[in-house]
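The structure appears right after this line, and notes come after that.
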2 protein chains.
Amino acid sequence: MATTTRAAKMAETRAKLIAAGRKAFAEKGYSGASMDDLTADVGLTRGALYHNFGDKKGLMAAVVDEIDTVMATRAHEAGQKAGGSWKGLLAEGAAYIEMALQPEVQRIVLLDGPAVLGDPSQWPSQNRCLQATIATLQDLAAEKAIKPVDIEAFARLLNGVALNAALWVAASETPEATLPKVVAAFECLASGVLVTPESSV
Amino acid sequence: MATTTRAAKMAETRAKLIAAGRKAFAEKGYSGASMDDLTADVGLTRGALYHNFGDKKGLMAAVVDEIDTVMATRAHEAGQKAGGSWKGLLAEGAAYIEMALQPEVQRIVLLDGPAVLGDPSQWPSQNRCLQATIATLQDLAAEKAIKPVDIEAFARLLNGVALNAALWVAASETPEATLPKVVAAFECLASGVLVTPESSV
DNA sequence: ACTAACGACATACGAAGCGTATGTCAATTG
DNA sequence: CAATTGACATACGCTTCGTATGTCGTTAGT
């Protein structure tokens with residue numbers, strides 16, 4: 001396998017471009033990032049970019065998808081580790097909030113992403129994460145632990161809260177002090193769906 | 001008063017530019033809106049724009065502030081009309097969701113605004129709206145009707161839910177059918193703060 | 001094995017758009 | 001009534017995006 005196949009080489013350039021885009025978009029913002037510069041940073045030109053991703057927005061979509069997918073899996077894992085469906089739901093939300101504190105996530109996924117790619121609820125990666133939340137809520141519904149609310153709507157709102165919460169925490173002057181208050185408020189909001197106050201399912 | 005004073009004339013050009021910006025930003029998006037075109041639409045040039053607002057972002061800030069201020073007052077009025085603090089909180093949220101269904105609000109305030117101006121929680125107009133929500137929550141706290149949660153954090157999250165909810169409703173295939181489900185989910189989330197389930201304070 | 005087609009990427013070109021520097025004219029002021 | 005100020009227009013340079021064209025290595029067909 002000393003011979004690098006062409007497909008592998010192309011995958012490598014794609015990976016390099018995504019990495020460069022991730023860095024540039026995070027540091028300069030989407031509109032501030034120059035395609036000439038970011039391709040040159042990895043020893044390529046815009047030719048490679050337009051061949052692989054179509055246009056600037058295409059690279060942005062790839063970058064967002066990568067970050068978002070990692071976030072979804074991490075949140076899901078956090079939910080699995082917690083004991084019980086209800087604890088899992090809270091852990092999932094907390095994990096989201098904490099991940100969204102990274103400047104890279106803030107700038108790319110929360111601020112520029114919606115402007116460039118449109119409503120996040122339409123992104124394929126967001127939908128993946130949404131499925132996890134919906135599954136957890138369905139478990140709770142099976143246990144008769146929650147009110148008869150539309151599960152998809154509730155799940156979308158819950159995810160939205162987590163992202164919004166992170167946005168505020170990061171922008172606050174003292175993020176460390178704000179974080180626990182926000183997590184508490186998040187759990188308070190989420191508990192609205194429970195039939196029995198302070199349940200521990 | 002047949003003589004138009006200079007200040008009034010300048011205020012008029014400002015108003016014309018804001019109106020033109022509102023239209024262009026809503027139709028083309030922030031990055032797609034050309035300053036040459038939008039100023040020409042009201043019989044001016046970019047000279048007037050850079051003199052009055054500094055740069056493109058300056059006009060965007062003025063446009064967002066105008067829209068956001070109207071939204072805040074409308075939501076506050078809706079809250080006042082409802083009977084009781086708790087009903088008022090729900091009415092406020094519902095009003096926000098419904099206003100955010102307008103394409104103009106969607107595009108300018110929810111999608112492009114954060115990318116151009118940064119985290120919405122830092123906008124002066126958003127803070128005005130936040131104060132209203134906080135005041136309502138403080139009323140509820142005085143009535144001992146809610147849990148001892150950090151009021152500012154809860155208020156920010158609640159506002160975030162409303163905006164996020166609207167974003168999803170507008171993007172859904174059948175907004176009319178989705179709206180009631182979302183409002184129900186919103187009320188479910190908000191009820192998490194109550195000490196007594198299904199209160200009617 | 002040799003040539004023809006194809007794919008991946010580079011280079012060259014044209015078209016906007018933004019921000020600034022400079023110009024102009026009316027209105028105010030002393 | 002002259003001088004200055006302020007509101008806005010015009011002109012310019014710079015950067016950037018997207019595409020159209022070119023090049024070279026690789027694969028396929030015989």
Side-chain angles (χ1 to χ4, degrees), chain A residues 1-21 23-64 108 112-113 115-117, chain B residues 1-64 107-108 112-113 115-117:
Chain A
M1 285 302 172
T3 63
T4 55
T5 145
R6 314 300 138 229
K9 196 168 180 61
M10 189 170 180
E12 184 188 335
T13 64
R14 278 183 65 96
K16 282 201 285 191
L17 287 173
I18 290 179
K23 189 177 177 184
F25 289 150
E27 290 174 357
K28 315 259 189 181
Y30 178 78
S31 69
S34 162
M35 308 305 268
D36 271 323
D37 293 352
L38 90 86
T39 51
D41 281 348
V42 288
L44 294 168
T45 69
R46 280 187 333 205
L49 207 161
Y50 284 92
H51 185 70
N52 280 282
F53 298 100
D55 59 356
K56 189 177 183 178
K57 188 195 285 190
L59 178 62
M60 180 66 163
V63 168
V64 165
I108 298 178
D112 287 336
V116 177
L117 306 174
Chain B
M1 286 301 172
T3 63
T4 54
T5 138
R6 317 305 142 230
K9 196 169 180 60
M10 190 169 178
E12 183 187 335
T13 65
R14 279 183 63 94
K16 282 201 286 191
L17 287 173
I18 289 179
R22 201 165 156 161
K23 189 177 177 184
F25 290 149
E27 289 175 358
K28 315 258 188 181
Y30 178 79
S31 69
S34 161
M35 309 304 267
D36 273 323
D37 294 351
L38 92 86
T39 52
D41 281 348
V42 288
L44 295 168
T45 69
R46 280 186 328 194
L49 208 162
Y50 284 92
H51 186 72
N52 281 282
F53 298 99
D55 58 356
K56 190 177 184 178
K57 188 196 287 189
L59 177 63
M60 179 65 163
V63 168
V64 166
R107 179 89 234 183
I108 299 178
D112 287 337
V116 178
L117 306 174

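Convention: sequence-line order gives letters A, B, ...; per-chain numbering from 1.
Within residues 30-49 of chain A, the residues that place at least one heavy atom under 4.0 Å from DNA chain D are, in residue-number order, A:A33, A:S34, A:M35, A:R46.
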Item to complete: Apply the test side-chain contact (heavy atoms from CB on, under 4.5 Å) to residues A:V64 and A:V116: give CA-CA distance (whole Å), side-chain angles for both, the deciding distance (0.1 Å), then the verdict.
Response: CA-CA 11 Å; A:V64 165; A:V116 177; over 6 Å; no
Item to complete: Before giving the answer on side-chain contact (heavy atoms from CB on, under 4.5 Å), spell out for B:D55 and B:Y50 the whole-Å C-alpha distance, their side-chain angles and the decisive distance to 0.1 Å.
Response: CA-CA 5 Å; B:D55 58 356; B:Y50 284 92; 4.1 Å; yes
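Between A:T39 and A:D36 the shortest heavy-atom distance is OG1-O, 3.0 Å.
With a 6.0 Å radius and a threshold of 12 heavy atoms from other residues, nucleotides or ligands, A:K16 has its NZ atom above the threshold.
Using a 4.5 Å heavy-atom cutoff, the side chains of A:Y30 and A:I108 are not in contact. The shortest distance between side-chain heavy atoms of A:K23 and A:D41 does not fall below 4.5 Å.
Between the CZ atom of A:F53 and the P atom of D:dC17 there is a distance of 15 Å, given to the nearest Å. Counting to the nearest Å, the C1' atom of C:dT20 and the OH atom of B:Y50 are 9 Å from each other. A:K56 places its NZ atom 15 Å from the P atom of D:dT15, with the value rounded to the nearest Å. Separating the CG atom of A:L17 from the C1' atom of C:dC9 is a distance of 11 Å, rounded to the nearest angstrom. Rounded to a whole Å, the NE2 atom of B:H51 is 14 Å from the P atom of D:dT5. The distance from atom CZ of B:R14 to atom P of D:dC8 is 10 Å, rounded to the nearest whole Å. In this structure, the CE atom of A:M60 is 19 Å from the C1' atom of D:dG18, given to the nearest Å. What separates NZ of A:K28 from P of D:dT15 is a distance of 13 Å, to the nearest Å.
OP1 or OP2 of C:dC9 has at least one side-chain nitrogen or oxygen of A:T13 nearer than 4.0 Å. Remark: B:N52 is not in phosphate contact with D:dA7, judged by side-chain N or O atoms under 4.0 Å from OP1 or OP2.
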